[in-house]
Amino acid sequence: MKIFAIETSCDETSAALIEAEKGDKKVKLLSNAVASSLSLHAKTGGIIPEIAAREQVKYIIPTILEALKPIGSLENVDAIAVTYGPGLIGSLLVGVETAKALSYIYKKPIIPVNHLIGHIYANFIENDDIEFPALALVVSGGHTDLVILKKHGEIQWIGGTRDDAAGEAFDKIGRILELPYPGGPYIEARAKEGNLKRFFFPRPLIDSNDFDFSFSGLKTAALREINKLKGQGTLSEKDINDLCAGVQESIIDVLIKKTLKAAEKYKVKSILLSGGVSANQTLREEFKKEIEDTGIKFFAPARNLSTDNAAMIASAAFFNYKEEPWDKIIADPELYFD
Ligand code: KG4
Ligand code: ZN
């Protein structure tokens, strides 16, 4: 079967097409078109929801047409999947209402998908090596969550952030350091040049008896160091590189320790990294190194499938196939794990 998906939860407009048959352990990617309004938000140092929504309106039709190229028309798909939350309401509405209209016109079933579950399913695109039970770490701009996948459709949330998400910490600290938006990739690049040993930032909740995270204290600690250095003059490029190395290491250290602790407790066979922060190469490498001797398999999506895209939404729809009448689907900005 072929599933066509639409994703418009934030500042990316994406449409994609996947193919898979019942019983398959992976989906085949036929197309994945992504347009982004990121460069507009870079100017303001953060996303302005109204601008993101207007850009979604501008991009949605060309993106859909691009993703349909391999099959020509929606007549040739079996179902339409769409992200219905969480996200920015104005952005979500563009995708949801478009999908509903297309479902009605072309008489195709519609499958609503939770964006966070979508991120996890980026790991099942062109990859059939995952074994259950699996533990997923979702690290995106707005979320940091650990969930157990006992099998497809059976998800158990075991912990998440109490305040800022990991991506949010990267972005807020990036802004304090006057790096371009979003801070994550820039902090990663600066950290590669930095001295890891110069700053040691706190590792919040690293030894707590739960699977929760907290990153807002890290931002305060970084701000304190930055103000101290600024008090002594201006921040040098070297200072920024060293600060980035320290901040990134603190985030990575907490993410890996907590994930491994959960993996041990729930005796999982696979760990699935996902969400925008999973594009971070250092995080991937350190995860691989730490997991090497545990016998657990480690997966992370291709880097272009780590950040927001519709291919992951189509993949989640295939493995959790549940049609809903188009008139029952409502965008839900606050949607979370059940
Ligand atoms: O999943 P995503 O594309 O959008 C949301 O659903 O939020 O995640 C965006 C987040 C941003 O916070 C961005 O800074 C972060 O992913 N990110 C990174 C990297 N690339 C993107 N964080 C760290 N290192 C990266 N290379
Ligand atoms: Zn996302």
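Atoms within a ligand are numbered from 1 in the order they appear, just like the ligands themselves. The residues of the chain are indexed from 1 along the displayed sequence.
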Original post:
Would you call K172 and D164 a salt bridge, using N to O less than 4.0 angstrom?
Top reply: yes

**OP:** Verify the neighbour count for atom OH of Y104: are there more than 12 heavy atoms of other residues, nucleotides or ligands below 6.0 Å?
**Re:** no

**OP:** Among residues two or more places apart or on two chains, list those pairs meeting salt bridge (charged side-chain N to carboxylate O under 4.0 Å, His left out) that have a residue in residues 16-25.
**Re:** K2-E19

Original post:
Under a 4.0 Å heavy-atom cut-off, which residues neighbour ligand 1?
Top reply: H115, H119, S140, G141, G142, G167, F170, D171, P182, G184, P185, E188, G275, G276, V277, A279, N280, T307, D308

List the atom pairs, donor and acceptor, that lie under 3.5 Å between side-chain atoms in residues 192-200 and the rest of the protein, sequence neighbours left out.
residue	atom	partner	partner atom	Å
N195	OD1	K197	N	2.9
R198	NH1	D239	OD1	3.0
R198	NH1	D242	OD2	2.8
R198	NH2	D239	OD1	2.8

**OP:** Test F201 against E225 for side-chain contact (heavy atoms from CB on, under 4.5 Å), laying out the working first.
**Re:** CA-CA 10 Å; F201 289 111; E225 284 300 340; 3.7 Å; yes

Original post:
With ring centroids as reference points, do Y84 and H115 lie under 6.0 angstrom apart?
Top reply: no

Subject >> Residue pair L272 / L135, side-chain heavy-atom distance below 4.5 Å >> reply: no

Subject >> Atoms named by residue and atom, protein N, O or S, within reach of the Zn ion (ligand 2) (under 2.8 Å) >> reply: H115 NE2, H119 NE2, D308 OD1

Subject >> Salt-bridge criterion met for K288 and E285 (N-O under 4.0 Å) >> reply: no

Original post:
Does the gap between the ring centers of Y121 and H152 come in under 6.0 Å?
Top reply: yes

